[in-house]
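To start, the structure under review is shown below, and the notes come after it.
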Amino acid sequence: MTLPTGDLSELRHASPPVRAILEKVLSGGEVSEAEGVILFQAEGADKPALYASADEMRRRANGDRVSFVVNRNINFTNICYMGCRFCGFAKRAEETGAEWLSLEQITARAQQAWDRGATEVCIQGGLHPKMEGDHYRRIITAIKDALPDMHIHAFSPFEIWYGATKSRRGYHDFLAELKAAGLGSMPGTAAEILDTEVRQQLTKNKLSAEVWVEIIRAAHEVGIPTTATIMYGHIDGPEHWAAHIALLRRIQKDTGGFTELVPLSFVHTESPLYTQAPDRVRPGPTEDEVDRMHAVSRLMLAGWIDNIQVSWTKLGAARAQQMLHRGVNDLGGTLMNESISRAAGASHGQEITAHELVRMIRAAGRVPVRRNTVYDIREVYDDHDPAALAPLVARGGRDPLDFLEMFPRRIEAAE
Ligand SMILES: C[S@@+](CC[C@H](N)C(=O)[O-])C[C@H]1O[C@@H](n2cnc3c(N)ncnc32)[C@H](O)[C@@H]1O
Ligand SMILES: Nc1c(NC[C@H](O)[C@H](O)[C@H](O)CO)[nH]c(=O)[nH]c1=O
Ligand SMILES: N[C@@H](Cc1ccc(O)cc1)C(=O)O
Ligand code: SF4
């Protein structure tokens with residue numbers, strides 16, 4: 001596969017409707033929901049035009065910098081009875097492999113992460129039936145007592161709904177208390193596809209789209225930034241994707257609280273949703289759909305959410321690197337312990353080191369930067385010679401690991 005550069009001359013070959021949309025966005029206009037649907041269906045010569053436009057908008061927003069964060073996932077329990085059909089992670093309490101980490105174990109993992117240079121812990125778990133609503137606050141307090149400077153990125157809107165409901169508290173109050181305890185930001189997971197019919201099939205609509213939006217807005221209002229996600233490639237399609245991204249954009253116009261969008265490709269292999277109905281559920285997105293998802297997200301969110309992250313755990317390092325030419329400017333976290341994708345059948349490993357991320361970014365011809373959770377730059381790895389790299393970059397599409405020999409290990413602090 002070749003890695004096209006952002007060559008806008010591609011627009012000349014695009015079909016008139018697609019070309020008109022791309023020219024509009026390149027001159028500062030907004031892609032409507034209906035136009036988003038058209039872009040999601042781009043074929044033939046429209047595809048390189050779409051990718052070149054996304055790459056250009058990425059360049060204007062982020063320049064040549066590609067960021068990542070050194071973090072650790074702590075999935076403190078996988079015990080959950082919500083029964084989301086796509087989820088391969090949840091277990092019943094008596095099942096083998098069911099796990100519950102004590103506050104001491106959670107803090108010990110956070111400490112190890114800190115010792116390895118992590119600035120963030122990303123904490124999510126199952127909705128354990130016996131858990132008290134106040135447990136979420138206790139987790140934050142335990143970590144902050146030991147590590148006051150660790151950024152805590154934790155608890156999806158589903159978990160906030162659970163904690164607030166169990167504690168009989170309103171969302172604003174519950175969230176304000178978590179913020180006072182030291183919660184720094186929240187993952188915008190549990191979004192899946194923000195459409196009632198699709199959610200009915202994915203999650204029995206236990207957390208409705210409306211309540212997801214209500215909790216995200218409440219978080220932004222009390223000053224907790226969140227990421228935004230979309231999980232795609234199962235029973236969904238272009239109309240759902242465009243509506244979902246347009247909804248995120250409307251929220252962002254009101255609150256400014258989203259830090260990034262992370263498209264999450266559906267991992268099907270061990271997902272009950274797929275294994276129980278393989279004739280009715282798609283086995284994750286196609287390669288074209290992955291390309292178009294990142295590119296259309298960049299264009300629809302331009303000027304509103306300017307960080308588009310690719311998930312290496314869903315796609316693997318080589319595909320994640322290619323997304324840097326589809327509008328992406330962030331490679332997410334090192335993660336240290338990935339388990340949710342692996343539980344659904346992904347095989348891209350538990351961890352990626354800062355060193356590997358730096359190498360992947362350089363091999364794509366960009367400048368690696370280490371960020372914190374809210375995108376403040378912490379370190380810039382600009383000591384390489386772009387001219388020496390140019391012939392390799394031009395060859396494109398090679399396994400990023402091929403470039404290993406070019407970059408001696410020097411990133412002790414970030415590993
Ligand atoms: C497993 S949950 C953990 C947090 C919490 N229990 C919840 O549901 O919000 C976190 C997210 O992982 C993602 N996820 C779970 N299973 C997946 C799969 N098979 N493929 C892709 N993403 C998946 C979903 O987006 C889900 O919202
Ligand atoms: N994309 C995935 C992430 N990404 C989240 C980042 O690691 C980071 O927490 C965020 O950018 C805030 O700084 N995490 C996962 O566990 N799995 C993913 O697929
Ligand atoms: N991307 C999410 C975290 C996440 C995403 C997907 C997962 O499967 C697990 C966790 C966030 O930090 O906002
Ligand atoms: S996605 Fe979250 S809430 Fe749903 S079953 Fe899995 S762990 Fe439980």
Side-chain angles (χ1 to χ4, degrees), residues 67-91 118-128 131 151-163 184-193 199 202-203 206-207 212 215-216 225-234 258-275 281 283-285 307-315 320 328 330-346 348 350-352 357 370-376:
S67 52
F68 64 88
V69 60
V70 179
N71 68 350
R72 181 176 195 172
N73 278 353
I74 304 177
N75 297 125
F76 62 96
T77 186
N78 56 3
I79 299 170
C80 188
Y81 289 64
M82 286 299 135
C84 303
R85 291 182 57 221
F86 58 83
C87 179
F89 169 76
K91 290 205 184 296
T119 57
E120 169 194 314
V121 281
C122 173
I123 307 178
Q124 299 192 102
L127 278 51
H128 191 300
M131 203 175 122
H151 182 105
I152 303 186
H153 177 68
F155 311 135
S156 79
F158 212 171
E159 295 174 281
I160 299 299
W161 166 80
Y162 194 58
S185 55
M186 279 167 52
T189 39
E192 324 311 358
I193 294 288
R199 295 181 86 73
L202 293 184
T203 65
K206 283 191 184 160
L207 179 78
W212 186 91
I215 292 175
I216 286 288
T226 74
T227 64
T229 64
I230 177 170
M231 185 186 74
Y232 65 109
H234 34 82
F258 287 125
T259 50
E260 75 225 42
L261 173 70
V262 195
L264 302 169
S265 41
F266 171 54
V267 179
H268 72 288
T269 347
E270 308 273 336
S271 164
L273 180 70
Y274 176 79
T275 54
V281 177
N307 296 308
I308 307 295
Q309 177 181 128
V310 62
S311 170
W312 61 262
T313 157
K314 310 288 182 206
L315 295 182
V328 163
D330 185 81
L331 286 174
T334 56
L335 302 185
M336 295 187 197
N337 293 123
E338 202 293 319
S339 30
I340 295 170
S341 303
R342 288 188 308 131
H348 304 300
Q350 291 226 49
E351 166 165 29
I352 194 160
L357 290 170
R370 184 168 67 83
R371 62 166 171 92
N372 68 7
T373 306
V374 294
Y375 286 79
D376 300 318

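Counting starts at 1 for both ligands and their atoms, following the listed order.
- Of all the heavy atoms in A343 and G88, the pair that sits closest is CB-O, 3.5 Å.
- Side-chain contact check for L331 versus V310: some heavy-atom pair is nearer than 4.5 Å.
- Taking NE2 from H234 and CZ from F86, the interatomic distance works out to 8.0 Å, rounded to the nearest 0.5 Å.
- What sits closest to atom 27 (O) of ligand 1 on the protein, heavy atoms only, is E192 OE2, 2.6 Å.
- Here atom 18 (C) of ligand 1 lies nearest to V267 when heavy atoms of T203, V267, T269 are compared.
- Both the backbone and the side chain of F86 come within 4.0 Å of ligand 1, judged by heavy-atom distances.
- Annotation: T189 places no N or O atom under 3.5 Å from an N or O atom of ligand 3; distance criterion only.
- Ligand 2 has a nitrogen or oxygen under 3.5 angstrom from a nitrogen or oxygen of G333.
- Using 4.0 Å as the threshold, L127 has a heavy atom nearer than that to some atom of ligand 1.
- Distances below 4.0 Å separate heavy atoms of G125 from the following atoms of ligand 1: 4 (C), 5 (C), 6 (N).
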Show the numbers, then the answer: is there a side-chain contact (heavy atoms from CB on, under 4.5 Å) between E260 and T227?
CA-CA 5 Å; E260 75 225 42; T227 64; 3.4 Å; yes
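- Residue, atom and distance of the protein heavy atom nearest to atom 13 (O) of ligand 3 are T227 OG1, 2.2 Å.
- With a heavy-atom cut-off of 4.0 Å, L335 touches ligand 2 through its side chain alone.
- Below 3.5 Å of separation, one finds an N or O of N71 facing an N or O of ligand 2.
- Between atom 1 (C) of ligand 1 and the options L202, T189, I340, T77, the minimum heavy-atom separation is to I340.
- Ligand 1 has no atom lying under 4.0 Å from any heavy atom of A346.
- Against a heavy-atom cut-off of under 4.0 Å, I340 is close to the following atoms of ligand 3: 8 (O), 9 (C).
- Considering backbone and side-chain atoms alike, Q309 places an N or O below 3.5 Å from some N or O of ligand 2.
- We find the CE-SG distance between M336 and C122 to be 12.0 Å, quoted to the nearest 0.5 Å.
- Every atom of ligand 3 with a heavy atom of G188 under 4.0 Å away is listed here by number and element: 13 (O).
- Close approach of ligand 3 to P187 (heavy-atom distance below 4.0 Å) involves ligand atoms 11 (C), 12 (O), 13 (O).
- Less than 4.0 angstrom separates some heavy atom of E260 from each of these atoms of ligand 2: 10 (C), 11 (O), 12 (C).
- Only the backbone of S265 comes within contact range of ligand 1, with a heavy atom under 4.0 Å; no side-chain atom does.
- Residue contacts with ligand 2 for R371 involve side-chain atoms from C-beta outward but no N, CA, C or O (heavy atoms, distance under 4.0 Å).
- Atoms of ligand 1 lying under 4.0 Å from any heavy atom of F266, numbered from 1 in the order shown and given with element: 19 (N), 20 (N), 21 (C).
- At the top of the distance list for atom 8 (O) of ligand 1, counting protein heavy atoms only, stands F158 CD1, 3.6 Å.
- With respect to atom 8 (C) of ligand 2, the closest heavy atom belonging to the protein is E120 OE2, 3.4 Å.
- Protein heavy atom nearest atom 23 (C) of ligand 1, with residue, atom name and distance: M231 SD, 3.5 Å.
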I would like to know whether N372 and E120 meet side-chain contact (heavy atoms from CB on, under 4.5 Å); could you show each step before the answer?
CA-CA 7 Å; N372 68 7; E120 169 194 314; over 6 Å; no
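- Among all protein heavy atoms, the one lying closest to atom 1 (N) of ligand 3 is V262 CG2, 3.9 Å.
- A side-chain donor from one of S185 and H153 sits under 3.5 Å from a side-chain acceptor of the other.
- Distance from atom 7 (C) of ligand 3 to its nearest protein heavy atom, with residue and atom name: K314 NZ, 3.8 Å.
- Side-chain polar atoms of T203 and E192 form no donor-acceptor pair below 3.5 angstrom.
- Ligand 3 is never approached by Q309 to a heavy-atom distance shorter than 4.0 Å.
- Residue K314 has at least one heavy-atom neighbour below 4.0 Å for each of these atoms of ligand 2: 19 (O).
- Remark: ligand 1 atoms within the under-4.0 Å shell around heavy atoms of A190 are 9 (O), 27 (O).
- Below 3.5 Å of separation, one finds no N or O of T227 facing any N or O of ligand 2.
- With a 4.0 Å cut-off on non-hydrogen atoms, D330 does not touch ligand 2 at all.
- Inclusion of S341 in the set of residues having an N or O under 3.5 Å from an N or O of ligand 2 is not warranted.
- The ligand atoms of ligand 1 that sit less than 4.0 angstrom from a heavy atom of L264 are 25 (O).
- Between H153 and ligand 3, at least one N/O pair is under 3.5 Å apart.
- Atom numbering of ligand 3 starts at 1 in the shown order; those under 4.0 Å from a heavy atom of Q124 are 4 (C), 9 (C), 10 (C).
- At a heavy-atom distance under 4.0 Å, only side-chain atoms of L264, from C-beta outward, approach ligand 3.
- Close N/O approach between E338 and ligand 2 is not found [any backbone or side-chain N/O within under 3.5 Å].
- With distances taken over non-hydrogen atoms, the option nearest atom 9 (O) of ligand 1 out of S271, G188, G345, S156 is S156.
- In terms of N/O distances under 3.5 Å, ligand 2 is not approached by Y375.
- Near N73, with a cut-off below 4.0 Å to any heavy atom, the atoms of ligand 2 are 15 (C), 16 (O).
- At a 4.0 Å cut-off, not a single heavy atom of H268 sits close enough to ligand 1 to count as contact.
- The part of V262 lying near ligand 2 is the side chain, judged by heavy-atom distances below 4.0 Å.
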